[in-house]
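In what follows, a structure is listed as structure tokens, so that the remarks can point back to it.
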Amino acid sequence: MYVFPKNIRLLFLALGLMLTFTACDNEIAQDEITPEIITEEEMPEVLIEALPPDPTTSDPVEMRRRPCFRFVFPVQVVLRNGTVITANDAEDLRAAYRRIRSAGIQANFVYPFDVQLANGTQVTIRRFEMLRRLHRACRDINDDDQPRPCFNINYPISVVGRDTTFEVNSWREFRRANQAFSPRGVSIVYPINVTLAETDRVITLNGDRELYRLRNLCIDRGDDDDREPCYSVLYPVTLSIGQNTVTVVSRAAWRAVVEAAGEDVDVSLNFPITIVNRDTEEQISIENVADWRAARELCD
């Protein structure tokens with residue numbers, strides 16, 4: 001048996017260690033240049049809902065749908081197998097959605113990419129959670145509960161329907177009374193007392209004009225009265241806070257901005273805005289406070 005000299009054995013050992021560390025370095029380098037593909041199960045639904053309606057659709061609800069932001073193209077989508085699809089317009093993204101759905105695979109966007117809000121503001125989306133949050137905020141489903149009331153009518157109150165005067169004990173009873181005496185509904189017998197939600201202060205209203213004025217103030221401050229709204233706001237919306245203009249993308253953000261401004265600062269909502277009927281998905285453009293008041297009355 002041939003015996004390697006000691007210095008040769010040391011040379012082989014050093015060469016083996018060098019090859020081992022070189023292989024490890026190559027693996028690390030390969031990991032660094034190979035992107036980690038993270039897919040999102042919800043991604044296809046968020047993608048298609050964020051696109052404008054398919055121009056070939058005949059579905060009236062789909063035709064009325066108006067997303068509150070637009071993709072800034074090009075946008076890339078990565079499939080689970082690493083294939084990257086580049087979309088140069090909405091039709092390319094719609095084709096990518098069909099490919100994902102027909103193949104039953106998962107995918108994700110290649111981040112970051114930009115979207116443009118309805119007011120022209122450009123936002124950079126850095127991960128799927130940001131896109132999902134924006135999508136939900138736009139449809140006013142970011143709040144788990146019904147919006148807190150701006151004020152509560154202190155029931156019971158008296159109302160008149162045709163020639164009949166009677167009491168109602170809640171907003172639901174008031175709504176049913178309006179429906180029963182359709183199309184003119186019932187009229188409130190004033191004065192009535194209401195309680196402001198923020199301060200628990202009780203004030204007396206002496207007529208429809210004072211009630212409308214209070215409701216308009218609630219609109220500006222991002223709250224509703226004690227009624228159950230039949231619509232959702234399509235965000236973003238823009239507010240004038242004193243001398244400043246602020247854009248918000250959810251009801252919670254609306255409230256936070258107004259509360260931070262304080263009660264002494266003038267707050268107003270910048271029209272037009274769009275609201276969506278919760279039952280029919282119909283989108284309604286609101287040009288002023290009077291339009292919004294009329295739309296709210298349709299909830300009755």
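- Heavy-atom minimum distance, Ile188 versus Phe174: CG1-CZ, 3.8 Å.
- Scanning both residues, Phe73 and Asn88, for their nearest heavy atoms gives CB-O, 3.5 Å.
- More than 12 heavy atoms of other shown residues, nucleotides or ligands fall within 6.0 angstrom of atom CD in Glu129.
- Across Thr238 and Leu269, no two heavy atoms sit closer than the pair O-CD1, 3.6 Å.
- Distance alone, capped at 3.5 Å, is enough to place a donor-acceptor pair between the Arg94 side chain and the Pro52 backbone.
- When atom types are taken as modelled, the side chain of Thr83 and the backbone of Leu79 share no donor-acceptor pair closer than 3.5 angstrom.
- Annotation: side chain of Ile286 is in contact with side chain of Phe271 (closest heavy-atom distance under 4.5 Å).
- Atom CG of Leu47 sits about 6.5 Å away from atom CD1 of Ile100, to the nearest 0.5 Å.
- When side chains are defined from C-beta on, Val186 does not count as touching Val160, because their heavy atoms never get closer than 4.5 Å.
- Scanning both residues, Asp92 and Thr86, for their nearest heavy atoms gives OD2-O, 4.3 Å.
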Could you go step by step and tell me if Glu45 and Arg101 meet the salt bridge (charged side-chain N to carboxylate O under 4.0 Å, His left out) rule?
CA-CA 10 Å; Glu45 283 67 33; Arg101 271 287 163 248; 2.4 Å; yes

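- Taken from CD in Glu42 to CD in Gln106, the straight-line distance is 10.5 Å, to the nearest 0.5 Å.
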Take Gln122 and Val72, measure what side chain to side chain contact (heavy atoms under 4.5 Å, CB included) needs, and give me the verdict at the end.
CA-CA 9 Å; Gln122 194 156 298; Val72 177; 3.8 Å; yes

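- Within the model, atoms CG of Leu51 and CD1 of Ile48 stand 5.0 Å from one another, a figure rounded to the nearest 0.5 Å.
- By the 4.5 Å heavy-atom criterion applied to side chains, Val194 and Ile203 are counted as neighbours.
- To the nearest 0.5 Å, atom CG of residue Leu211 and atom CD1 of residue Ile153 are 6.0 Å apart.
- For the pair Val77 and Tyr97, the minimum side-chain heavy-atom distance is 4.5 Å or more.
- Counting only heavy atoms from C-beta outward, the side chains of Leu214 and Leu196 approach each other to under 4.5 Å.
- Side-chain N/O atoms of Asn108 and Tyr111 include a donor and acceptor closer than 3.5 Å.
- Hydrophobic cluster membership is shared by Phe166 and Ile192, with clusters built from Ile, Leu, Val, Met, Phe, Trp and Tyr side chains linked at under 4.5 angstrom.
- To the nearest 0.5 Å, the span separating CZ on Phe113 from CD on Gln76 amounts to 11.5 Å.
- A heavy-atom distance below 4.5 Å is found between the side chains of Val115 and Ile125.
- Judged purely by distance below 3.5 Å, without hydrogens or angles, the side chains of Asp266 and Ser240 never pair a donor atom with an acceptor atom.
- Hydrophobic clustering, with ILVMFWY side chains joined whenever heavy atoms are under 4.5 angstrom apart, groups Ile157 together with Tyr190.
- The two residues Glu167 and Glu173 have their closest heavy-atom pair at O-OE1, 4.4 Å.
- Contact record, Pro236 with Thr247: CB-CG2, 3.6 Å, taken as the closest heavy-atom pair.
- If you chain together hydrophobic residues whose side chains sit under 4.5 Å apart, Ile105 and Phe109 fall into the same group.
- Put simply, the side chain of Val248 reaches to within 4.5 Å of the side chain of Val237, judged on heavy atoms.
- Ring geometry for Phe71 versus Phe69: interplanar angle over 60°, hence perpendicular rather than tilted (30 to 60°).
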List the steps, then state whether side-chain hydrogen bond (donor to acceptor under 3.5 Å, both in side chains) holds for Asn152 with Thr195.
CA-CA 5 Å; Asn152 292 294; Thr195 301; over 6 Å; no

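- Counting heavy atoms from C-beta outward, Phe181 and Val159 have side chains that stay 4.5 Å or more apart.
- Rounded to the nearest 0.5 Å, atoms CD1 (Ile273) and OG (Ser285) are 8.5 Å apart.
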